[in-house]
Amino acid sequence: MIPETPFFLVIATLSGSLAGLAGLVAGLRRERFGAIDLFRLREIVEFAFVNALISLSSIPLVRLLGGGAPMVRIVGTAAGVYLLLHATVLFRRLRRVSIALSTWVRVAATIDLAIVALALACLLSGELALLEILLILLLGRPMTVFLFVLASFEPSSDEGGP
């Protein structure tokens, strides 16, 4: 077993847990979902599943490639390419369902830019520590969206909430 295996497994497990939490929230919500909530829950699940696959793929790639630096370059590049493609899909969905750009989009875009920069750094350096930070940010991406979903459940001041 490579020394980093527990780290990769924890990231994959946490990613799977996020997908499960998104499903739980969807199941427990009693009122009808708005377009933004459905968009966000779908985004959480998509990110969580890909994050788990990216993390888990690191383990066999180290063995197949005979070292950490080639694996870091491949996994980091794959993560960056995925993020860029997925961002394109997300922006198309936003336009299709007429969801306005908001604070949440700006926060997500900031995290996305950091992920792309780290993916590029992984490609250029092959440093395992950079990949680990990249995986944490990839995990932070759906976590951030999940916080916005939970915030949307708060009653507004005009609904007589606390």
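Numbering of residues begins at 1 and proceeds along the displayed sequence. Quick caveat: nothing in here was measured; it's all calculated off a predicted structure.
Interatomic distance, Leu123 CG to Thr77 OG1, rounded to the nearest 0.5 Å: 4.0 Å. Taken to the nearest 0.5 Å, the CZ atom of Phe7 stands 7.5 Å off from the OG atom of Ser55. Residue Leu147 holds its CG atom at 10.5 Å from CZ of Arg40, rounded to the nearest 0.5 Å. In this structure, Ile54 CD1 and Leu139 CG are separated by 11.5 Å, a value rounded to the nearest 0.5 Å. To the nearest 0.5 Å, the span separating CD1 on Ile136 from CD1 on Ile115 amounts to 11.5 Å. Note that the OG atom of Ser58 and the CG atom of Leu53 stand 11.0 Å from one another [nearest 0.5 Å].
Between Val116 and Leu83, the closest side-chain pair of non-hydrogen atoms falls below 4.5 Å. Contact annotation: the side chain of Leu9 approaches that of Leu56 to within less than 4.5 Å [non-hydrogen atoms, C-beta and beyond]. By the 4.5 Å heavy-atom criterion applied to side chains, Val107 and Phe148 are counted as neighbours. Between Leu84 and Val81, the closest side-chain pair of non-hydrogen atoms is not below 4.5 Å. A 4.5 Å side-chain heavy-atom check between Leu14 and Leu18 finds every atom pair outside the cut-off. In this structure, Ile59 and Met71 have side chains that are not in contact, with every pair of non-hydrogen atoms separated by 4.5 Å or more.
Although no hydrogens or angles enter the test, the distance criterion places a donor-acceptor pair under 3.5 Å between the side chain of Asn51 and the main chain of Leu138.
In summary, of the residues considered (Phe47, Phe91, Phe49), a ring-ring contact (aromatic ring centres under 6.0 Å, His included) with His86 occurs for Phe47 alone.
Across Leu134 and Gly76, no two heavy atoms sit closer than the pair CD2-CA, 3.8 Å. Closest heavy-atom contact between Ile111 and Gly140: CD1-O, 4.5 Å. Annotation for Ser15 and Ala48: closest pair O-CB, 3.0 Å, computed over non-hydrogen atoms.
Following chains of ILVMFWY side-chain contacts shorter than 4.5 Å, one can reach Val50 starting from Phe8, so the two form part of one hydrophobic cluster. Follow the hydrophobic side-chain contacts under 4.5 Å out from Val10 and you reach Leu137 in the same cluster. Hydrophobic clustering of Ile, Leu, Val, Met, Phe, Trp and Tyr side chains at less than 4.5 Å, counting indirect connections, unites Leu38 with Leu90.
Legend: residues meeting side chain to side chain donor-acceptor pair (under 3.5 Å) with Arg141, ordered by chain and number and at least two apart, are Glu43, Asp112.
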Step-by-step side-chain contact (heavy atoms from CB on, under 4.5 Å) determination, Leu130 to Val72: CA-CA 8 Å; Leu130 293 175; Val72 168; 5.8 Å; no

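Salt bridge annotation for Arg93-Glu46: present, with a cationic side-chain nitrogen under 4.0 angstrom from a carboxylate oxygen.
Applying the side-chain hydrogen bond (donor to acceptor under 3.5 Å, both in side chains) rule to pairs touching residues 128-137 yields nothing, sequence neighbours excluded.
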